[in-house]
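Starting from 1, each residue takes its place in the sequence as its number. Only a predicted model underlies this, so the values are computations on that prediction, with no experimental measurement involved.
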Amino acid sequence: MSRWFVLFLCFASTSLFAHKNSDSYLYIASEQWRLDIAVEDLQRTYDLDTNPVDGRVTAKELRGAAMGLEASVLEGIRVTREGGDCPLNLQRLGVASHSGEYYAAWELKSPCFAEPDRLTLNYDLLFDVDPLHRLLYRNDVAEQPLLGVLTPSERALALQSHGPWATVTAFFKEGVLHMVLGYDHLLFLLALLLPLVRASSSDESLRPLLWRCAGVVTAFTVSHSITLTAATLGWWQLPIQPVEIVIALSISVAALAALVGERHRFQWQLAGVFGLIHGFGFASMLAGLMDEGSSAVLALASFNIGVEAAQLAVTVALVPLLVYCQKKPFYTRWGYPAVLLAVAATGLWWAWQRV
């Protein structure tokens, strides 16, 4: 964990405001736990920026609000043993970095940590501010490191009951949600599917068309899985801001390409090339938690399968609707280009917002 740790004094004037997903990280080790909370989430909740003109939170501003932040954090975290509260203290460490984004880092201390059996963590921070907030945790107390996620619907972690199956189910669900709630990924998927349906013949049955669409979707999954794995395990990483800009631009490129000639023949290539970039975007949630152990393999595989399951479900639901629309003259003449132009414009707008 030390490679992410940066002392406050080294960043006294550095901007710490560059976060996209709402997430926190908890590292559970024998007698020492560490909690990292995104600076942007703290800014949204506690308005840390004392100089609104510059539009950023500096380490100096974060340090000045430390006492109030620590009191608020302690109100949102409880550690219990068999129903009784364990005393809990915070010690400020400084600033951590995950995927190029900044997090306030604290060490959690309690005499209960010396005997972690039968401990339960209750986490209530930020869920009321952002229902999409997640606490990603790594439990190194167990014989093998175990990974998991706490969500608004599952806010408690019993250390002794967590096993590999919990890692599988947690990250599968996160993969599904990350795809379904990732509007940029969904729009890119729509831009890939529209020309495939457009190019299908009117007398073609639905099954071969679904197989072709599923093949392109799976090519996207295979492609983004490569960079997702590489970035999550630290083999190859890119700064998150340019990645998010290129993801937005990929939507526009795919939509505009669908308006030109017979470009549906190149959907596999579009899915493969831009899938590599989308993989870096998916990795922004996981990169701060993983190593090369067996739990990382389980988490990555489960997350990827969840993303693929969500993509295929969207495809199966969307393609019949597009086939129906394709039979309407108004759609074929006006609706199809209008939808693609709207998708392209949305991608350009998102890219501008992310600059």
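For Ala258 against Ala191, the heavy-atom pair with the smallest separation is CB-O, 4.4 Å. Of all heavy-atom pairs between Gly279 and Thr227, the closest is CA-OG1, 3.2 Å. When all heavy atoms of Ala248 and Ala351 are compared, the pair lying nearest together is CB-N, 3.5 Å. Among all heavy-atom pairs drawn from Ser24 and Ala38, the shortest one is OG-N, 4.5 Å. Contact between Pro320 and Leu206 at its shortest, heavy atoms only, is CG-CD2, 4.0 Å.
In this view, Glu82 and Arg118 satisfy the salt bridge (charged side-chain N to carboxylate O under 4.0 Å, His left out) rule, not counting sequence neighbours. A search for salt bridge (charged side-chain N to carboxylate O under 4.0 Å, His left out) contacts involving Arg198 returns nothing, not counting sequence neighbours. Applying the ring-ring contact (aromatic ring centres under 6.0 Å, His included) criterion to Trp106, with sequence neighbours excluded, gives no partner residue. A search for ring-ring contact (aromatic ring centres under 6.0 Å, His included) contacts involving Tyr123 returns Phe127, His133, not counting sequence neighbours. Remark: Cys86 engages Cys112 in a disulfide (SG to SG under 2.5 Å) (not counting sequence neighbours). Considering only residues two or more places apart in sequence or on other chains, Asp128 meets the salt bridge (charged side-chain N to carboxylate O under 4.0 Å, His left out) condition with none of them.
Its side chain outside the 4.5 Å cluster rule for every partner, Trp211 clusters with none of the Ile, Leu, Val, Met, Phe, Trp and Tyr residues. With side-chain heavy atoms closer than 4.5 Å counting as contact, directly or through intermediates, the hydrophobic cluster containing Ile226 also holds Leu276. The hydrophobic cluster analysis finds Tyr324 isolated: no Ile, Leu, Val, Met, Phe, Trp or Tyr side chain comes under 4.5 Å of it, directly or through other members.
In this structure, Gln91 contributes its side chain and Leu108 its backbone to no donor-acceptor pair below 3.5 Å. No donor-acceptor distance shorter than 3.5 angstrom exists from the side chain of Arg78 to the backbone of Asn122, with no hydrogens or angles considered.
Linking ILVMFWY side-chain heavy atoms closer than 4.5 Å, directly or via other members, places Leu341 and Phe330 in two distinct hydrophobic clusters. A continuous path of hydrophobic side-chain contacts links Leu90 to Phe113 [ILVMFWY only; heavy atoms under 4.5 Å]. Under the 4.5 Å side-chain heavy-atom criterion for ILVMFWY residues, a single connected hydrophobic cluster contains both Leu259 and Val343.
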Inset, instruction - Walk me through it: do Val79 and Asp85 pass the test side-chain contact (heavy atoms from CB on, under 4.5 Å)? - result: CA-CA 6 Å; Val79 177; Asp85 284 346; over 6 Å; no
Inset, instruction - Take Asp23 and Leu135 through the side-chain contact (heavy atoms from CB on, under 4.5 Å) test and state the conclusion after the steps. - result: CA-CA 6 Å; Asp23 48 34; Leu135 174 72; over 6 Å; no
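A centroid separation of less than 6.0 Å is found between the aromatic rings of Tyr25 and Tyr103. In summary, the aromatic rings of Tyr27 and Trp33 are positioned with their centroids too far apart to meet the 6.0 Å limit. The distance between the ring centers of Phe274 and Phe220 does not fall below 6.0 angstrom. Within the 6.0 Å centre-distance limit, the rings of His178 and Phe303 are counted as a close aromatic pair.
The list of side-chain hydrogen bond (donor to acceptor under 3.5 Å, both in side chains) pairs with a residue in residues 329-347, not counting sequence neighbours, is empty. Within the structure, side-chain hydrogen bond (donor to acceptor under 3.5 Å, both in side chains) pairs that include any residue of residues 270-283 comprise His185-His278, Ser250-His278 (at least two apart or interchain).
Contact of the Leu150 side chain with the Tyr137 side chain is registered, since non-hydrogen atoms from C-beta on lie closer than 4.5 Å.
At a cut-off of 3.5 Å, with distance as the only test, a side-chain donor of Ser22 or Asp41 sits close to an acceptor on the other residue.
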Just list the side-chain donor-acceptor pairs under 3.5 Å for residues 307-314, sequence neighbours left out, or say none.
{"residue": "Glu308", "atom": "OE1", "partner": "Thr221", "partner atom": "OG1", "Å": "2.2"}
{"residue": "Glu308", "atom": "OE1", "partner": "Gln311", "partner atom": "NE2", "Å": "3.2"}
{"residue": "Glu308", "atom": "OE2", "partner": "Thr218", "partner atom": "OG1", "Å": "2.9"}
{"residue": "Gln311", "atom": "NE2", "partner": "Thr221", "partner atom": "OG1", "Å": "2.5"}

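Under a 4.0 Å N-O distance rule, the pair Arg34/Glu107 does not qualify as a salt bridge.
Rounding to the nearest 0.5 Å places CG of Leu126 at 7.0 Å from CG of Leu42.
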